[in-house]
2 protein chains.
Amino acid sequence: MIAIGEASRLSGVSIETIRYYEREGIISKAVRTASGRRAYSDTEISELRFIKRCRDLGFSIQDAVALRNLADAPSDACETVERLGSKHLSDVQAKLAELRKLEKALVELVANCAKGQSDCPMLDALKAR
Amino acid sequence: MIAIGEASRLSGVSIETIRYYEREGIISKAVRTASGRRAYSDTEISELRFIKRCRDLGFSIQDAVALRNLADAPSDACETVERLGSKHLSDVQAKLAELRKLEKALVELVANCAKGQSDCPMLDALKAR
DNA sequence: GCTTGCTTCTGTAGTGACTACAGGATGCAT
DNA sequence: ATGCATCCTGTAGTCACTACAGAAGCAAGC
């Protein structure tokens, strides 16, 4: 039986977040020891790790839960998984494109900022539409 | 005098968000007409646009406010502006690097998902640590 | 068996930056 | 006079946590 602190260390999910996941029904309620402390099994650690990995990949909690449910589901899971994955991939690619534009704009902005002048070209750039 | 709907259209900031900005003291309180409606001047539209542009560039509200205050400030503004800009640029670059890794992982994940199989390689990939 | 210090418990409130109502008043064109 | 768009205030919800407060349990050393 694994206590919550150890579960946190093993899964990489913080203690507060594990409790939050339980509260919200994202993971099932952990069994309690005689004194009321949460006790986890290896299976539950794996579940936490699965959720963590999905979150690290930028999936929403909702998607993470859907993927976890599919993980124990029957045949046609793979198609759904691929759909969620592709959708998320295109979201990520859109965000990448946006950030690249952003980076370019910021590089220009900062480059224009010649120090020591009384008027600031970067502020002017922000003011301009 | 410009009403809030028009101000929203002119600045690209939603009506709800303009009211939120006022409530939070991010912009100063708009003058009211006899009947209590908000009325904006060109200056205030510019202010909204300035904040909007900062937000679009990914600056926090806090940074946006700091930049706006600098925009009316004396000489040494430029240095501060450059500091904020550079800091933000490196944040953006870090996020870009993260997203690129993410994209790579997702591409692999989705590519591995050969449809129609009864076990799903993508789910296996998510399960593996 | 007592103290010390770490871990855990529940419950609540806060974060950032909005967004979404509900329920009512106002303005304008027909 | 009627209808519809626009606006008002105030409150609550979103997402995914994070941060307490205050109390209780546990393990080790003295």
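Lettering of chains follows the sequences in order, A, B, ..., and the numbering in each one begins at 1. Scope of the values below: all heavy atoms of this structure, side chains included, with no hydrogens, waters or symmetry mates.
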Asker: Strictly below 4.0 Å: does B/S14 bring a side-chain N or O up to OP1 or OP2 of C/dC18?
Answerer: no

Asker: Whole Å only: how far is the CE atom of B/M1 from the C1' atom of C/dT26?
Answerer: 18 Å

Asker: Side chain of B/R23: nearest nucleotide among C/dT8, D/dT11, D/dC17?
Answerer: D/dT11

Asker: Can you check the B/R38 CZ to C/dG27 P distance for me, whole Å?
Answerer: 15 Å

Asker: If you check the B/R37 side chain, which of D/dC8, D/dC17, C/dA17 turns out closest?
Answerer: D/dC8

Asker: Choosing from C/dA17, D/dC17, D/dC8, which nucleotide comes nearest the side chain of A/I61?
Answerer: D/dC17

Asker: OP1 or OP2 of D/dC7 versus the side-chain N and O atoms of B/S35: is any pair under 4.0 Å?
Answerer: no

Asker: Could you state the interatomic distance from OG (B/S11) to CZ (B/R53), rounded to the nearest 0.5 Å?
Answerer: 14.5 Å

Asker: Return the 5'-most residue of the pair A/E16, B/E16 with respect to DNA chain D, ranking by each residue's nearest nucleotide.
Answerer: B/E16

Asker: From the list D/dC26, D/dT18, C/dC18, which nucleotide is the closest neighbour of the side chain of B/T17?
Answerer: C/dC18

Asker: Determine the contact category for A/R32: base if any of its heavy atoms lies under 4.0 Å from a base atom, sugar-phosphate if only primed atoms, P, OP1 or OP2 are that close, otherwise nothing.
Answerer: sugar-phosphate

Asker: Determine the contact category for B/R19: base if any of its heavy atoms lies under 4.0 Å from a base atom, sugar-phosphate if only primed atoms, P, OP1 or OP2 are that close, otherwise nothing.
Answerer: base

Asker: Where the side chain of B/S60 is concerned, which of D/dC17, C/dA17, C/dT8 is the nearest nucleotide?
Answerer: C/dA17

Asker: If I take atom CD1 in residue B/I18 and atom C1' in nucleotide D/dT6, what distance separates them, rounded to the nearest angstrom?
Answerer: 13 Å

Asker: Looking at C/dC18, D/dC17, D/dC20, which one has an atom nearest to any side-chain atom of A/Y21?
Answerer: D/dC17

